[in-house]
> 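Just passing along the structure, written as structure tokens.
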2 protein chains.
Amino acid sequence: MELAEAKLKFIEAWGKLGSEWGINRTMAQVHALLMISPEALTTEEVMAELSISRGNANMTLRDLIDWGLVEKRHKTGERKEFFYAEKDVWTIARCVAEERKKRELTPIIKILDQLAEVDGDTKDPAYKTFKTTVTDINKLANNVNKTLDTMLKAEENWFFGSILKVFK
Amino acid sequence: MELAEAKLKFIEAWGKLGSEWGINRTMAQVHALLMISPEALTTEEVMAELSISRGNANMTLRDLIDWGLVEKRHKTGERKEFFYAEKDVWTIARCVAEERKKRELTPIIKILDQLAEVDGDTKDPAYKTFKTTVTDINKLANNVNKTLDTMLKAEENWFFGSILKVFK
DNA sequence: TTAAACTTTCAAAAAAAAATGAAAATTTAG
DNA sequence: CTAAATTTTCATTTTTTTTTGAAAGTTTAA
């Protein structure tokens, strides 16, 4: 396969994966484009490569910066801003995990904590089922949370190492 | 908090979480409703509880069955179908992991395998960056895949156990 | 200063996703 | 068989999400 074709396929696949996981397709595509670019790109270049508008490119790049996946760079003598994506896959994975933890896991745990305090009649099946379900989900969420915390502190390559033996 | 209020909040929160993770909000809400229902519900009841149309309820319940999260049940003497959700949180987590692995991880690995075979000039930075990025993502994806495989075979309660010590 | 280069904003438009509901299909009791 | 009960389908509508692009805002070189 040619590099040009492969690039397009990668951008498309990354966009699709993103959208399946609740990430805006264009944001995932811009991320893909920058990940495979050795050099930082300008807004103009991103717009041209992906055929998107200036406004879209600007907002998407801002979001990627908020996620910690992309950084602004400046070149001496150039007035324009350049955008460069983190390329280390483990660092990328950490960023995503950290952000999603903050944006989604922490808020839902807060709600589950409140819901676990619902009061009612222990003999009422509706109450029992509600309480049990919410409590169990809460426990799972807290375990995911703790595991992520530990994982995020872990060595860069824990994932590529032999963690698998744990489950032996 | 009253049970009725708590139920509504739970359904709302579960729907929101679902939509953040690329799951149709209504599907997540129907799932939430069934998870906290001690008894299997009819399509009519789901429609009424969530104020959704028959068509929507029908398709959503079908999807939940496809995910392995809900099953059809029949009551003797009743002609209608009833829907009952799996309540064990670990089993639910396995179902979701298994489905998403099948629907999203396996396909992307297939594509990454193809893309890793792109040919080009080793001295070309664009080629080098592409190759490295794709290869690294591929490695990570394969490790996630293997870890999920092992996890899915694991004991019901591995997650609630002391897996955390692994990362010590 | 100031004007050109560049970036950001956001109301409006377009596109995508989800929901509706009535007709068609299916099932089953009698 | 047959007709009532129930489920499924899917063209259309509605809602939600995403994108556009031009105007406003900002920065900087001279």
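Fair warning: this is a prediction, and the values are worked out from it, not measured in the lab.
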> Could you give the CD-to-P distance, from A/E20 to C/dA16, as a whole number of Å?
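Rounded to whole Å, this separation is 16 Å.
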> Rounded to whole Å, how long is the line connecting atom CD of B/E44 with atom P of D/dA5?
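Distance, rounded to whole Å: 12 Å.
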> Go through the side-chain N and O atoms of A/N145 and A/D149 and say whether any donor and acceptor fall under 3.5 Å apart.
no
> Between B/R94 and B/E98, is there a side-chain N and carboxylate O pair less than 4.0 Å apart?
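Answer for the salt bridge query: no.
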> OP1 or OP2 of C/dT9 sitting under 4.0 Å from any side-chain N/O of A/R62?
yes
> Check whether any side-chain N or O of A/N24 sits under 4.0 Å from OP1 or OP2 of D/dT19, and answer yes or no.
yes
> Between B/V30 and B/M47, is there a shared hydrophobic cluster once you connect ILVMFWY residues whose side-chain heavy atoms come closer than 4.5 Å?
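Not linked; separate clusters.
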> Give the cluster check for A/L50 versus A/F82: same hydrophobic cluster or not, with ILVMFWY residues linked at side-chain heavy-atom distances below 4.5 Å.
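Unlinked, A/L50 and A/F82 end up in two clusters.
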> Grab the CE-C1' distance between B/M27 and C/dA17 for me, whole Å please.
15 Å
> Using atom CG of A/D63 as one end and atom C1' of D/dT19 as the other, report the distance to the nearest whole Å.
13 Å
> Map B/G55 and B/G22 onto DNA chain C by nearest heavy atom, then report which one ends up closer to the 5' terminus.
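The answer here is B/G22.
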> Atom CE of A/M59 and atom P of C/dT7: how far apart are they, to the nearest Å?
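Atom CE in A/M59 sits about 16 Å away from atom P in C/dT7.
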> Can you check whether A/N58 has a side-chain N or O nearer than 4.0 Å to OP1 or OP2 of C/dT7?
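No, outside the criterion.
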> Where each residue is assigned the nucleotide of DNA chain C containing its nearest heavy atom, which of A/K72 and A/R25 is assigned the position nearer the 5′ end?
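The residue whose closest nucleotide sits nearer the 5' end is A/K72.
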> Rounded to the nearest angstrom, tell me the gap between atom CG in B/N56 and atom P in C/dA17.
16 Å
> With a cut-off of 6.0 Å (strictly less than), are more than 12 heavy atoms of other residues, nucleotides or ligands near NZ of B/K16?
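Not more than 12 within 6.0 Å, no.
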> Given C/dC6, D/dT7, D/dT19, identify the nucleotide with an atom nearest to the side chain of A/R79.
C/dC6
> Please report the distance, rounded to the nearest Å, between NE2 in B/H74 and P in D/dA5.
19 Å
> Give the nucleotide from the list D/dT18, C/dT20, C/dA19 with an atom nearest to the side chain of B/T26.
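The answer is C/dA19.
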> Between atom CZ in A/R54 and atom P in C/dT8, what is the gap in whole Å?
11 Å
> Check every atom of D/dG21, C/dA19, D/dT8 against the side chain of A/S53 and return the nucleotide holding the closest atom.
D/dG21
